[in-house]
Number of protein chains: 2
Amino acid sequence: MAEMQDMPGHLARRFQQIAVAVFLAEVEAAGFDLTPVQYAALAAIAANPAVDQITLAGLIAYDRTTITGVIDRLAQKGLVVRQASLRDRRARELSITAEGQRTLEAITPAVEAAQRMMVRGLTKAEGKELVRLMQKAIAAGNELSRAPLREGAAER
Amino acid sequence: MAEMQDMPGHLARRFQQIAVAVFLAEVEAAGFDLTPVQYAALAAIAANPAVDQITLAGLIAYDRTTITGVIDRLAQKGLVVRQASLRDRRARELSITAEGQRTLEAITPAVEAAQRMMVRGLTKAEGKELVRLMQKAIAAGNELSRAPLREGAAER
DNA sequence: CGTTATTGATCAGTATACTGATCATCAGTA
DNA sequence: TACTGATGATCAGTATACTGATCAATAACG
C-alpha cells in the first residue's frame with residue numbers, strides 16, 4: 001500500500017478524472033455542450049417529472065448546494081424549467097423542456113460511447129466486474145459522504 | 001447501460017466522492033488538516049527532493065494549473081518550501097520541511113485506514129481486484145486527460 | 001393554537017480540475 | 001548571435017463538491 005498507485009483513493013481520483021475527460025470529448029464531438037453532472041441531472045429530471053431539487057439531489061447523489069448551480073446552468077441552456085411548487089412553496093419543481101428532451105435523446109449515443117471508451121483497456125468481463133465492485137463499495141460507503149444516494153419515493 | 005447506476009462514469013464520480021469524504025474524516029480524526037490531493041503532493045515531494053512543479057504534476061497526474069494552488073496551500077501550512085532553481089530560473093524547486101516530514105509520517109496510519117474504509121464493503125480479494133481493474137483502465141486511458149501520469153525521469 | 005423543530009433552497013467561502021492565455025526563460029537552429 | 005519554438009509557472013474564468021449559515025415555509029407537538 002506504500003505506493004500511491006496502489007491506493008484505492010488515488011486510483012478513484014484518477015479514474016474519475018479520465019472518465020470526465022472522455023465524457024466531455026465524446027459529447028463535444030457529437031456537437032453538444034453538457035457536463036457529466038449536467039447530463040445525469042437532465043436524465044433524472046426526465047425520468048422524474050416535477051421532482052424538487054432535494055429529491056433530485058438524492059437520486060443522483062449530489063450535494064444540495066451543488067445542485068443549485070447545476071440547475072441554474074441547465075435552465076440557462078433552456079433544457080429544464082424551474083417553477084415554484086403549489087403544494088409546498090419552499091420547493092422548486094423541475095421539468096424538462098422539449099429541447100431538453102431532444103438533447104437527451106440525441107446525446108445518448110455519445111454518452112454510451114464514452115462509457116465504453118473509459119474502460120477500453122478492460123475486457124468485457126473485466127468491465128462488468130469493475131462496475132460490480134464499484135457498486136458494492138459504493139453501497140457500503142453510501143452514508144459516508146454528505147450527499148448519499150436516496151432511492152426514489154421509498155423512504156419519503 | 002440505460003441505468004445511471006450501471007454507468008462506469010457515474011460510479012467513478014460516486015466512488016471518488018466517498019473516497020474523499022472518508023479520507024478527510026480519517027485525517028481529521030487523527031488531528032490533521034490535509035486533503036487527499038495535498039497529501040499526495042506532499043508524499044511525492046518527499047520522495048523526489050527538489051522536483052519542479054511540472055514534474056511533480058506528472059508524477060501524481062495533476063493539472064499544471066491546479067498544482068500551483070496546491071503548493072500554495074502546502075507552503076502556507078509550512079509543510080513545503082518553494083524556491084527558484086539555479087539551473088533554470090523558470091522552475092521552482094520544491095522541498096519538504098522538517099514539519100512536513102513529521103506530518104507525513106504521523107498521518108500515514110490515518111491515510112491507510114481511509115484506504116481500507118473506502119472498500120470496506122468488499123472482501124480482501126475483491127478490493128485487490130478493484131485496484132487492479134482501475135489501474136488497468138487508467139493505464140489505457142492515461143493520455144485521454146489533460147493531466148496524464150508521467151513516470152519519473154524515464155522520458156525526460 | 002402557538003411554539004419548536006425540520007425542511008427546501010440559497011449564499012459565502014474554500015478546494016480541486018480544467019480551458020485558454022500570458023510571461024519569462026531556455027534550447028535549438030539558421 | 002539572432003530568431004524561433006518549446007517550456008515552467010501563473011492568471012482569469014468556469015464547473016463541480018463541500019462546510020456552515022441563513023431564510024422562508026411547513027410539520028410536529030404540547
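Only heavy atoms go into these numbers, but all of them, side chains included; no hydrogens, no water, no symmetry mates.
Phosphate contact (OP1/OP2 of C/dT16, side-chain N/O of B/R73, threshold under 4.0 Å): present. For the OP1/OP2 pair of D/dC18 and a distance below 4.0 Å, the side-chain nitrogens and oxygens of B/Q17 include at least one atom meeting the criterion. Residue B/T65 places none of its side-chain N or O atoms closer than 4.0 Å to OP1 or OP2 of C/dC18. The phosphate of C/dT10 (OP1 or OP2) has a side-chain N or O of A/R82 nearer than 4.0 angstrom. A/Q16 has no side-chain polar atom (N or O) that falls below the 4.0 Å cut-off from OP1 or OP2 of C/dA17.
Between the CD1 atom of B/I54 and the C1' atom of C/dA24 there is a distance of 14 Å, given to the nearest Å. One interatomic measurement links the two molecules: CD of A/Q53 to C1' of C/dT7, which rounds to 13 Å at whole-angstrom precision. Following rounding to the nearest Å, B/L144 (CG) and C/dA17 (C1') show an atom-to-atom distance of 16 Å. Distance, B/R150 CZ to D/dG8 P: 12 Å, rounded to whole Å. For the pair A/L34 CG and D/dA15 P, the interatomic distance rounds to 11 Å; values are reported in whole Å. Between the CD1 atom of A/I18 and the C1' atom of C/dC18 there is a distance of 15 Å, rounded to whole Å. What separates CD of A/E28 from C1' of C/dT19 is a distance of 11 Å, to the nearest Å. At whole-Å resolution of the value, CD1 in A/I67 and P in C/dA9 are 9 Å apart.
Along DNA chain D, the nucleotide closest to A/R89 and the one closest to A/V37 are compared, and the more 5′ of them pairs with A/V37. Comparing B/D72 and A/R87 by the nucleotide of DNA chain D whose heavy atom lies nearest to each, the residue mapping closer to the 5' end is B/D72.
Under the 3.5 Å distance criterion, with hydrogens and angles disregarded, no donor-acceptor pair is assigned to the side chains of A/S85 and A/D88.
Of the options A/T35, A/V22, A/I107, a side-chain contact (heavy atoms from CB on, under 4.5 Å) to A/V27 is made by A/I107 and by none of the others.
In this structure, B/T35 reaches the sugar-phosphate backbone alone: every heavy-atom distance under 4.0 Å involves primed, P, OP1 or OP2 atoms, never a base. At a threshold of 4.0 angstrom between heavy atoms, the contacts of A/R146 include nucleobase atoms, whether or not backbone atoms are also involved. Among the protein residues, B/D63 comes within range of the nucleic acid bases, having at least one heavy atom under 4.0 Å from a base atom. A/A21 comes within contact range of no nucleotide atom at all, as no heavy-atom separation falls under 4.0 Å.
Across all strands shown, the partner of C/dA30 is D/dT1, judged by Watson-Crick or G-U wobble contacts whose two distances both fall under 3.5 Å.
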Note to self: Before you tell me yes or no, could you show the steps for A/E26 and A/R120 under salt bridge (charged side-chain N to carboxylate O under 4.0 Å, His left out), namely the whole-Å CA-CA distance, both residues' side-chain angles and the distance that decides it to 0.1 Å?
What the structure shows: CA-CA 14 Å; A/E26 291 289 333; A/R120 67 176 179 174; over 6 Å; no

For side chain to side chain contact (heavy atoms under 4.5 Å, CB included), just list the numbers for B/N48 and B/L56, CA-CA rounded to whole Å, side-chain angles, deciding distance to a tenth of an Å, and then say yes or no.
-> CA-CA 8 Å; B/N48 298 273; B/L56 173 64; over 6 Å; no

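Screening residues 127-136 of chain B for side-chain hydrogen bond (donor to acceptor under 3.5 Å, both in side chains), with sequence neighbours left out, gives A/D6-B/Q135, A/E126-B/R132, A/E126-B/K136, B/E129-B/R132.
Checked by atom type and distance alone, the side chain of A/Q101 never pairs as donor or acceptor with a backbone atom of A/A46 at under 3.5 Å.
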Would you tabulate the side-chain donor-acceptor contacts of residues 66-81 of chain A under 3.5 Å, counting partners in other chains and residues two or more places apart, or write 'none'?
| from | atom 1 | to | atom 2 | distance (Å) |
| --- | --- | --- | --- | --- |
| A/D72 | OD1 | A/R82 | NH2 | 2.3 |
| A/K77 | NZ | A/D33 | O | 2.9 |
| A/K77 | NZ | A/Q38 | OE1 | 2.8 |

So which protein N/O to nucleotides 22-24 of chain D N/O distances come out below 3.5 Å?
none

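The side chain of A/R92 lies closest to C/dA9 when the candidates are C/dA9, D/dC18, C/dT16.
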